[in-house]
Peer 1: 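So that we are looking at the same thing, I have put the structure below in structure tokens.
In the text below, chain A, chain B and the rest are named by the order of the sequence lines, each starting its count at 1.
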2 protein chains.
Amino acid sequence: MAIGDWTEKFQGTKALPRLVRDRLLNVAQIRHYAKGQQVFGPENLPDSLLFLFDGTIRVSQTSDNGRDIVLYRVDAGESCVLTTACMLTEEAYNAEGVAESDITVIVLPKLAFDRLVAEEPAFRSFVFAAYSRRLIDLLRVVDDVAFGRIDVRLADRLLTLAGGDKEIAATHQQIASELGTAREVISRVLHDFQKRELIAQSRGRITITNKPALRGLADSD
Amino acid sequence: MAIGDWTEKFQGTKALPRLVRDRLLNVAQIRHYAKGQQVFGPENLPDSLLFLFDGTIRVSQTSDNGRDIVLYRVDAGESCVLTTACMLTEEAYNAEGVAESDITVIVLPKLAFDRLVAEEPAFRSFVFAAYSRRLIDLLRVVDDVAFGRIDVRLADRLLTLAGGDKEIAATHQQIASELGTAREVISRVLHDFQKRELIAQSRGRITITNKPALRGLADSD
DNA sequence: GCGCTTAAGTGACAATATCACTGAACCGCC
DNA sequence: GGCGGTTCAGTGATATTGTCACTTAAGCGC
């Protein structure tokens with residue numbers, strides 16, 4: 001993908017102005033990851049900062065007994081501030097980022113990052129906004145996990161995963177890992193959804209048959 | 001409290017150098033809150049940045065049905081970055097900060113904040129470290145709530161609340177609000193702890209009688 | 001000592017998690 | 001096509017946690 005295309009990617013409300021983008025390009029490298037590859041993790045601490053150019057990264061946390069929960073996703077045009085946090089604190093944590101599709105990232109060495117932050121107000125704002133966004137994302141996760149009902153959370157997640165479509169290609173285990181619960185729980189709730197004719201199921205595939213009702217359930221709490 | 005004392009407060013690994021502190025003092029105001037007062041919240045969005053000089057702030061989140069959970073505490077010498085996040089994003093969230101003791105805060109207007117961040121590398125590092133620290137704190141909360149057992153979390157929290165002491169002055173409801181659960185749950189688990197002779201209870205007061213065993217339980221997961 | 005208020009205890013039940021399985025669908029191979 | 005292995009999904013039993021509707025007890029002011 002051509003470097004000139006970056007312009008489009010970082011457009012929008014939280015975008016970087018052209019000048020800053022151009023400076024970024026001068027000092028940054030491009031790196032590719034294949035779908036499923038780990039971008040960072042407890043055993044794989046980054047020494048640079050990542051900006052996602054193309055694709056999405058799924059950031060999740062794994063518990064001691066092997067269960068997962070998705071914290072948030074990094075989309076094209078966003079930065080992955082957890083890598084920054086990782087560099088600044090010595091504390092251990094067990095979050096990891098996995099490429100959810102083939103991705104292209106801009107790798108910015110720490111020194112270059114420091115200089116850009118110091119010299120470019122727009123870049124600084126971008127970074128602060130990214131941090132803030134993730135903090136808010138995590139507040140939402142805490143709220144969901146601590147206080148949310150699993151059927152509501154599942155309905156919400158199904159709609160998100162489906163996007164504009166009606167079909168979702170995912171196993172029960174994968175969805176359980178999204179929500180930080182066990183497969184059996186997801187199986188039972190999906191079975192219930194099926195009985196209520198909100199969805200249809202086949203192996204590894206879920207079809208939303210009554211999107212308005214599902215949305216009503218997702219918004220009901 | 002004299003301004004000269006700030007020097008001590010902001011010492012330590014994450015401290016601000018004297019020069020930066022002095023600049024901070026030139027543009028900042030001092031404000032006091034009494035114990036129990038709300039420092040910020042959904043209805044009380046700050047237009048400035050807060051640095052805590054003295055006391056502690058408890059930052060918690062409230063669910064739609066009234067249950068609370070403590071996200072983290074801001075101690076003297078730290079900054080409250082959630083207020084920053086609040087200013088930078090329009091998204092609504094339901095976190096609030098309450099003075100846990102009488103507190104003294106340094107209030108830094110946004111413009112002054114921007115200038116300090118731009119001009120003082122040490123201040124910039126301080127702010128980034130604060131953000132990172134909170135992100136890590138929230139990861140821990142997510143992990144606890146999603147995967148932790150309530151007895152383990154309670155044991156851990158009792159030890160934290162006790163500090164070096166053996167006595168805790170707190171109602172079951174207050175502890176439940178720390179952990180994001182219901183009072184009845186805390187009552188039952190504490191009753192169990194009592195039967196196992198880890199603690200003794202009276203109204204509004206818990207005494208740790210077997211700290212090593214309690215710590216063993218807290219670390220057991 | 002008498003009410004009032006708040007803290008804590010309790011039983012019944014609902015929701016979610018865990019464990020140990022069974023059955024069903026897909027895949028590659030002969 | 002049929003067979004065997006692998007992954008995915010279903011299910012019952014049981015444990016943990018959350019919810020509801022109370023009761024009981026402790027402190028406090030008068």
Side-chain angles (χ1 to χ4, degrees), chain A residues 36 62-69 142-158 161 167-196 199-207 217 220-221, chain B residues 36 61-69 141-158 161 167-196 199-207 217 220-221:
Chain A
T62 304
S63 79
D64 294 334
N65 55 338
R67 256 165 58 198
D68 282 357
I69 185 169
V142 170
D143 194 82
D144 282 357
V145 172
F147 308 123
R149 291 178 53 89
I150 195 69
D151 53 352
V152 174
R153 294 175 60 210
L154 177 55
D156 184 67
R157 196 57 64 109
L158 287 179
L161 290 174
E167 291 252 325
I168 301 163
T171 66
H172 294 186
Q173 179 59 65
Q174 286 170 334
I175 297 172
S177 293
E178 291 269 332
L179 299 179
T181 184
R183 179 193 58 79
E184 297 93 314
V185 173
I186 296 299
S187 289
R188 278 192 256 260
V189 178
L190 281 178
H191 198 79
D192 177 56
F193 284 2
Q194 197 174 20
K195 273 196 291 193
R196 290 155 70 184
I199 62 165
Q201 289 191 82
S202 63
R203 186 189 170 95
R205 180 167 307 279
I206 296 164
T207 310
L217 179 57
S220 72
D221 196 82
Chain B
Q61 199 174 27
T62 304
S63 79
D64 293 336
N65 56 338
R67 255 166 57 198
D68 282 356
I69 185 169
V141 173
V142 169
D143 193 83
D144 282 357
V145 172
F147 308 124
R149 291 178 54 88
I150 195 68
D151 52 352
V152 175
R153 294 175 60 210
L154 177 55
D156 184 68
R157 195 57 64 110
L158 287 179
L161 290 175
E167 291 253 326
I168 301 163
T171 67
H172 294 186
Q173 179 58 65
Q174 285 170 333
I175 297 172
S177 292
E178 291 269 332
L179 299 178
T181 184
R183 178 193 58 80
E184 297 93 317
V185 174
I186 297 299
S187 289
R188 278 192 260 260
V189 179
L190 282 179
H191 199 79
D192 178 55
F193 283 4
Q194 197 175 20
K195 274 195 291 192
R196 292 156 68 184
I199 62 164
Q201 289 191 80
S202 63
R203 184 189 172 94
R205 180 169 307 278
I206 295 164
T207 310
L217 179 57
S220 73
D221 197 83

Peer 1: How close or far is atom P of D:dT16 from atom CG of B:Leu154, stated in whole angstroms?
Peer 2: 15 Å
Peer 1: Taking 4.0 Å as the cut-off, does a side-chain nitrogen or oxygen of B:Arg149 come that near to OP1 or OP2 on C:dA17?
Peer 2: no
Peer 1: Can you tell me how far P of C:dA25 sits from CD of A:Gln201, to the nearest Å?
Peer 2: 13 Å
Peer 1: Could you tell me whether A:Arg67 contacts a base, only the sugar-phosphate backbone, or nothing, with contacts defined as non-hydrogen atoms closer than 4.0 Å?
Peer 2: sugar-phosphate
Peer 1: Nearest 0.5 angstrom please: A:Leu179 CG to A:Leu154 CG, how far?
Peer 2: 6.0 Å
Peer 1: Return the minimal non-hydrogen interatomic distance between A:Gly180 and A:Ile69, and the atom names on each side.
Peer 2: CA-CB, 3.7 Å
Peer 1: Figure out the CD1/P separation between A:Ile186 and D:dT11, and round it to whole Å.
Peer 2: 16 Å
Peer 1: Measuring from atom CD1 of B:Ile199 to atom NE2 of B:His191, what distance do you get when rounded to the nearest 0.5 angstrom?
Peer 2: 10.0 Å
Peer 1: Among A:Arg67, A:Arg153, A:Arg157, exactly one meets salt bridge (Lys or Arg N to Asp or Glu O under 4.0 Å) together with A:Glu178. Which residue is that?
Peer 2: A:Arg157
Peer 1: Using whole Å, report how far CZ of A:Arg153 lies from P of D:dG18.
Peer 2: 13 Å
Peer 1: Please find the pair of heavy atoms, one from B:Gln174 and one from B:Ala169, that lie closest to each other, and give the distance.
Peer 2: OE1-O, 4.4 Å
Peer 1: To the nearest 0.5 angstrom, please state how far the CG atom of A:Leu161 sits from the CG atom of A:Asp156.
Peer 2: 9.5 Å
Peer 1: What is the distance, to the nearest angstrom, from the CD1 atom on B:Ile69 to the C1' atom on D:dG18?
Peer 2: 14 Å
Peer 1: For B:Phe147 and C:dT18, give me the distance from atom CZ to atom P, rounded to whole Å.
Peer 2: 9 Å
Peer 1: In terms of side-chain geometry, is the basic nitrogen of B:Arg188 or B:Asp192 positioned less than 4.0 Å from the acidic oxygen of its partner?
Peer 2: no
Peer 1: Where do N or O atoms of nucleotides 10-12 of chain C meet protein N or O atoms at under 3.5 Å, pair by pair?
Peer 2:
none

Peer 1: Look at A:His172 and D:dG10 and indicate whether a side-chain polar atom (N or O) is within less than 4.0 Å of OP1 or OP2.
Peer 2: yes
Peer 1: How many Å lie between CD1 on A:Ile175 and C1' on D:dG10, as a whole number?
Peer 2: 15 Å
Peer 1: Distance check needed: C:dA15 P versus A:Leu179 CG, whole Å only.
Peer 2: 18 Å
Peer 1: Taking only side-chain nitrogens and oxygens of A:Thr171, does any of them come within less than 4.0 Å of OP1 or OP2 of D:dT7?
Peer 2: no
